[in-house]
Amino acid sequence: MNKISKKLTNVMILNDESEKIKKFIEDVRAKGLKVYSVKCAKELKSLTTNFVDKNWNISDWTLKDKIIYGKLNANHAIIAFGDDDLQHLLLRLIGKFGITATYKYVIGYGNESKIITERYTKGISFAEEEVSSMFKTNKYTIAKCFA
């Protein structure tokens, strides 16, 4: 059975002033991207695969030029997407607005994958990246990106 949590391979966790996050989302819409607003759990660790599949009812699973946006609280939001081509635009906007964020994405290597984590402070990328251990690609869930 197909699940939306399997399609979302990129997650950005925004942790900054609510006004910056609001302007970021407005600019994303202005660039012509569709933004789906979704319900979020009160804590990041509660965003499990079951929560995502049950509560994030997205009708268009192609996810081309689409992002999913959820607020955890006024200064903490998540962006999830499955269109890898969007990462450059979204990272440029993080830099433009000087947002502090964590970006996690899946890289596949045949039947195995790993999650790369990049950290941004005030829109500037750190040189260091965290890399998860390898896992079976068919065992991927978006929950790994929230961990």
Side-chain angles (χ1 to χ4, degrees), residues 1-109 113-132 135 137 139-147:
M1 176 181 190
N2 287 333
K3 297 183 179 194
I4 192 69
S5 62
K6 293 280 190 183
K7 297 276 188 181
L8 300 169
T9 55
N10 299 269
V11 174
M12 293 182 173
I13 302 163
L14 311 178
N15 191 8
D16 217 312
E17 299 169 20
S18 60
E19 257 326 288
K20 283 185 182 181
I21 294 172
K22 181 180 174 185
K23 288 179 181 179
F24 173 88
I25 294 299
E26 288 171 359
D27 214 8
V28 166
R29 285 187 174 115
K31 302 280 187 218
L33 301 181
K34 173 72 175 161
V35 177
Y36 290 104
S37 292
V38 295
K39 176 183 174 183
C40 275
K42 297 212 186 281
E43 294 181 20
L44 196 59
K45 65 182 177 184
S46 299
L47 283 173
T48 63
T49 303
N50 289 337
F51 181 92
V52 168
D53 290 329
K54 181 179 178 185
N55 294 293
W56 294 7
N57 299 317
I58 309 300
S59 58
D60 183 358
W61 284 31
T62 62
L63 299 179
K64 178 87 171 126
D65 294 332
K66 296 170 183 70
I67 68 165
I68 296 171
Y69 166 70
K71 286 179 68 173
L72 296 163
N73 59 47
N75 299 324
H76 203 171
I78 59 127
I79 304 289
F81 56 100
D83 182 357
D84 291 337
D85 293 337
L86 297 180
Q87 70 179 336
H88 301 294
L89 169 68
L90 296 171
L91 290 173
R92 270 197 313 274
L93 292 176
I94 283 174
K96 174 182 176 181
F97 292 105
I99 293 175
T100 296
T102 302
Y103 176 39
K104 296 184 177 200
Y105 56 95
V106 177
I107 297 286
Y109 298 95
S113 296
K114 62 182 172 181
I115 295 175
I116 310 293
T117 302
E118 298 177 8
R119 302 200 188 281
Y120 294 80
T121 299
K122 296 183 180 181
I124 299 170
S125 174
F126 285 98
E128 55 197 47
E129 295 178 349
E130 294 177 25
V131 180
S132 75
F135 55 87
T137 300
K139 300 286 185 190
Y140 168 75
T141 67
I142 195 170
K144 288 183 184 254
C145 284
F146 291 122

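These numbers were taken from a predicted model, which means no experiment stands behind them.
Side-chain atoms of Tyr103 and Leu90, non-hydrogen and from C-beta on, never get closer than 4.5 Å to each other. Counting heavy atoms from C-beta outward, Ile25 and Ile79 have side chains that approach closer than 4.5 Å. When side chains are defined from C-beta on, Leu33 counts as touching Leu89, because their heavy atoms get closer than 4.5 Å. In this structure, the side chains of Leu93 and Lys96 come closer than 4.5 Å at one or more pairs of heavy atoms. Considering only heavy atoms from C-beta on, Val28 stays 4.5 Å or farther from Tyr69 through its side chain. Taking 4.5 Å as the limit, every side-chain heavy atom of Ile68 sits out of range of all side-chain heavy atoms of Lys66.
Considering every non-hydrogen atom in both Leu8 and Gly82, the closest pair reads CD2-N, 4.1 Å. Considering all non-hydrogen atoms of both residues, Ile115 and Lys104 come closest at CG2-CB, 4.1 Å. For the pair Gln87 and Met12, the tightest heavy-atom approach, listed with the atom from each and the gap, is O-CE, 4.4 Å.
Taking CD1 of Ile78 as the reference point, atom OG1 of Thr102 lies at 12.5 Å (rounded to 0.5 Å). One finds the CD1 atom of Ile99 at 13.0 Å from the CD1 atom of Ile124 (value rounded to the nearest 0.5 Å). Here OH of Tyr105 is found 9.5 Å from NZ of Lys114. Values are rounded to the nearest 0.5 Å. Annotation: the span from Ile94 atom CD1 to Arg92 atom CZ amounts to 12.0 Å, rounded to 0.5 Å. Here the CD1-CZ distance, from Ile67 to Phe81, works out to 8.5 Å after rounding to the nearest 0.5 Å.
For Lys71, there are no salt bridge (charged side-chain N to carboxylate O under 4.0 Å, His left out) partners two or more places apart in sequence or in a different chain.
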Show me, pair by pair, the donor-acceptor contacts under 3.5 angstrom made by side chains of residues 14-23, not counting sequence neighbours?
from, atom 1, to, atom 2, distance (Å)
Asp16, OD2, Thr100, N, 2.9
Lys20, NZ, Gly98, O, 3.0

